[in-house]
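Note that this is a predicted model, so its numbers are computed, not measured. Any value given below was found using the heavy atoms of this structure, including those in side chains, with hydrogens, waters and symmetry copies removed.
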Amino acid sequence: MDTMANALSGWGLWIALVGACLGTYFCRAIGVLLSNSINQDSEIFRWLAAVTYAMVAALTIRLIVMPIGLMATVPLWMRILICALAIGVMISKPTKRLVPALLTGTLLMVGYGIVR
């Protein structure tokens with residue numbers, strides 16, 4: 001336990017932060033250098049896009065069905081209803097859809113918290 005406390009104090013956190021930044025920006029720099037030679041319409045990128053969308057959908061469903069923390073206090077039917085209303089707002093205005101849908105979901109959740 002003392003080893004963990006010593007590692008988290010002083011220079012340990014700064015070294016970890018610098019290492020994470022270097023790793024992140026190194027990968028980004030390689031991506032920028034290779035971006036001109038990559039075909040974005042290739043099968044591998046279509047597959048990566050499909051996997052990415054599937055992961056986002058799975059995390060969203062998990063957040064709605066099995067939330068952690070304060071959102072777990074909201075009943076499941078209320079979470080599903082608010083999601084359905086936000087999707088309805090998103091579908092109703094195809095040109096300007098993301099901000100109103102997010103605002104609808106946020107305001108309804110906050111309103112439920114205030115009323116409850």
(message) To check you understand the geometry: which heavy-atom pair defines the closest contact between Ala86 and Gly105, and what is its length?
(response) CB-N, 4.4 Å
(request) Check the hydrophobic clustering (I, L, V, M, F, W, Y; side-chain heavy atoms under 4.5 Å; chains of links allowed) and say if Val32 and Phe45 are grouped together. (result) no
(request) Heavy atoms only: give me the nearest Ala101-Val89 pair and the separation to one decimal. (result) N-CG1, 3.8 Å
(message) Keeping Ser37 on the side-chain end and Leu34 on the backbone end, is there a donor-acceptor pair under 3.5 Å?
(response) yes
(request) Give a yes or no on whether Met55 and Leu48 share a hydrophobic cluster (residues Ile, Leu, Val, Met, Phe, Trp, Tyr; joining criterion: side-chain heavy atoms under 4.5 Å apart). (result) yes
(request) Hydrophobic side-chain clustering at under 4.5 Å (ILVMFWY, transitive links): who's grouped with Met71? Put none if nobody. (result) Leu63, Val74, Trp77, Met78, Leu81, Ile82, Leu85, Leu108, Met109, Tyr112
(request) Could you tell me the separation between the OG atom of Ser35 and the CD1 atom of Ile30, rounded to the nearest 0.5 Å? (result) 12.5 Å
(request) Using the salt bridge (charged side-chain N to carboxylate O under 4.0 Å, His left out) rule, collect all pairs that involve residues 63-89, keeping only residues at least two apart or in two chains. (result) none
(message) Quick test of your reading: applying side-chain hydrogen bond (donor to acceptor under 3.5 Å, both in side chains), list the pairs with at least one residue in residues 41-52, sequence neighbours left out, ordered by first then second residue.
(response) Glu43-Arg46
(request) Could you grab the distance from atom CD1 of Ile68 to atom CZ of Arg62, nearest 0.5 Å is fine? (result) 4.0 Å
(request) Report the distance from atom SG of Cys21 to atom CZ of Arg28, rounding to the nearest 0.5 Å. (result) 10.0 Å
(request) Please write out which residues are connected to Leu107 in a hydrophobic cluster, directly or through intermediates, given that two of Ile, Leu, Val, Met, Phe, Trp, Tyr count as joined at side-chain heavy-atom separations below 4.5 angstrom. (result) Leu103
(request) Linking directly or through intermediates, with side-chain heavy atoms under 4.5 Å: list the remaining ILVMFWY members grouped with Leu59, chain and number order. (result) none
(request) Give the other cluster members for Leu70, using side-chain heavy-atom distances under 4.5 Å between Ile, Leu, Val, Met, Phe, Trp and Tyr residues; answer none if it is isolated. (result) none
